[in-house]
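What follows is a single structure, written as structure tokens, with notes after it.
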Amino acid sequence: MKRMLSGIKPTGRLTLGNYIGAIREFVKYQDEYEMFIFIANQHALTIPIKAAELRRNTKDLIAIYLAAGLDPKKVTLFLQSDVPAHAQLGWIMTCLSGYGELQRMTQFKDKMAKQETGITAGLFTYPSLMAADILLYDPEYVPVCQDQQQHVELTRDLAERFNKRYSDTFTIPEPLVTKVGAKIYDLQNPTKKMSKSESSPKGVIDLLDDPKSARNKIKGAVTDSLGHVAFDPENQPGVSNLLTILSALSGESIDSIVARYEGKGYGDLKEETGQAVHDFLTALQAKYKEILAEGKVDAILKEGAERASRIANKKISKVYRKVGLSL
Ligand code: TYM
């Protein structure tokens, strides 16, 4: 079985974008691959966050992973900070990364261009920690959305650099970019990514939003004045975003939805998409509550950390020997 690894950082409440672009994919892959899915909680510290909020987001994220259908018997589910080898290899990857290389990472570049205040050194070097997260486990594939692809490319470069400098050590991972829903857009600003940290409340659907209010957000989504339903992300980004959401949640292809909408307007599409989101959130949240009430999360994470540590510790020992840290 080929190995796959991915993670999400608990910086805020999870969005429909995280579900469609990432979690849904993880669930699909769990039967075909040996999966490692983790919560990138050390990455959450790259922007200021209160301890209580980080704890709450982390618990919510695990419960949502499970509610969405990840099966801890098939998937190794763990917290990044429970496996210290991530930080250990992270430092080595930071020392292997070029300053210019990290400056070219778009997320960092965008924040600098917007002259945001409070940009930390951690935000600058986080792609190196992400490379460590991946390389510790030798996965063949890393499922990510479009905006993370560049980080997986950097990971490949760092792995090749290390292998060349010190001899073969790491598998070179492939990014697997989601096909439908690689990027879900802000409902109010459909050329921008739906983001837990940057979208306005009306533009983003939180997985723990009240389902009725989520339906209203879809009804209030920005569209255009062309008036016909077509999948044309360039000229009709809002409508295309709704089609992507509906297709992802219903399993019906975008082409087939478009064909059904011949002669119909945006109102109907918003109605159907709103209902699909409403029903999806209702079912997900019911399971999420059940999982939290069962109180199994801690045991699942403990077992996950043990399994992950066995692999990660072997790898970091090997790396320490190769670079000369262990005597
Ligand atoms: P993060 O937490 O920003 O996002 C996690 C995953 O969610 C998906 N995603 C989206 N997909 C579609 N549309 C959107 N609007 C949208 N927003 C988010 C993406 O698939 C993304 O992959 N650095 C990573 C976390 C990380 C990681 C790793 C991932 C740390 N180490 C190692 C993979 C492997 C991050 O910030 O993702």
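Here the structure is a predicted model, which means the values were calculated and not measured. Start at 1 and go down the list; that is how both ligands and their atoms are numbered.
Of all the heavy atoms of F26, none lies under 4.0 Å from any atom of ligand 1, so neither backbone nor side chain is involved. Only side-chain heavy atoms of D133 come within less than 4.0 Å of ligand 1; its backbone N, CA, C and O stay farther off. Both the backbone and the side chain of K9 come within 4.0 Å of ligand 1, counting heavy atoms alone. Only the side chain of H43 comes within contact range of ligand 1, with a heavy atom under 4.0 Å; no backbone atom does. Residue contacts with ligand 1, taken as heavy atom pairs separated by less than 4.0 Å, involve Y126 solely via side-chain atoms from C-beta onward. Looking at I134 against ligand 1, only its side chain comes within 4.0 Å, counting heavy atoms. When heavy-atom distances to ligand 1 are checked against a 4.0 Å cut-off, A40 comes that close only through its side chain, counted from C-beta outward.
Every salt bridge (charged side-chain N to carboxylate O under 4.0 Å, His left out) that K296 has, sequence neighbours left out, goes to E294.
At a 3.5 angstrom cut-off on N or O pairs, V144 does not count as close to ligand 1. Looking at F38 next to ligand 1, no N or O pair under 3.5 Å apart turns up. Taking distance alone, with nitrogen or oxygen atoms compared against 3.5 Å, Y185 stays at or beyond that limit from ligand 1. Considering backbone and side-chain atoms together, N18 places an N or O closer than 3.5 Å to an N or O of ligand 1.
For atom 16 (C) of ligand 1, the choice among P173, G17, P175 with the nearest heavy atom turns out to be G17.
When atom types are taken as modelled, the side chain of K270 and the backbone of K219 share a donor-acceptor pair closer than 3.5 angstrom.
Ligand-side atoms of ligand 1 in range of A22: 6 (C), 7 (O), 8 (C), 20 (O), range being under 4.0 angstrom from any heavy atom. Those atoms of ligand 1 with a heavy atom of K183 less than 4.0 angstrom away are 12 (C), 13 (N).
Salt bridge R310/E306: absent, no basic N to carboxylate O contact under 4.0 Å.
No hydrogens or angles considered: nothing links the side chains of T58 and N41 as a donor-acceptor pair under 3.5 Å. A donor atom on one side chain and an acceptor atom on the other are not found under 3.5 Å apart for S326 and R321. In the model, S97 has no side-chain atom that pairs as donor or acceptor with a side-chain atom of E101 under 3.5 Å.
A cation-pi geometry, defined here as NZ or CZ lying under 6.0 Å from the six-membered ring centre and within 45° of its normal, holds between K264 and Y261.
Residue pairs meeting the salt bridge (Lys or Arg N to Asp or Glu O under 4.0 Å) criterion with at least one partner in residues 30-42, sequence neighbours excluded, are R3-E34, D31-K74.
When each of Y126, F36, F38 is checked for a ring pair (Phe, Tyr, Trp, His ring centres under 6.0 Å) with H86, only F38 meets the rule.
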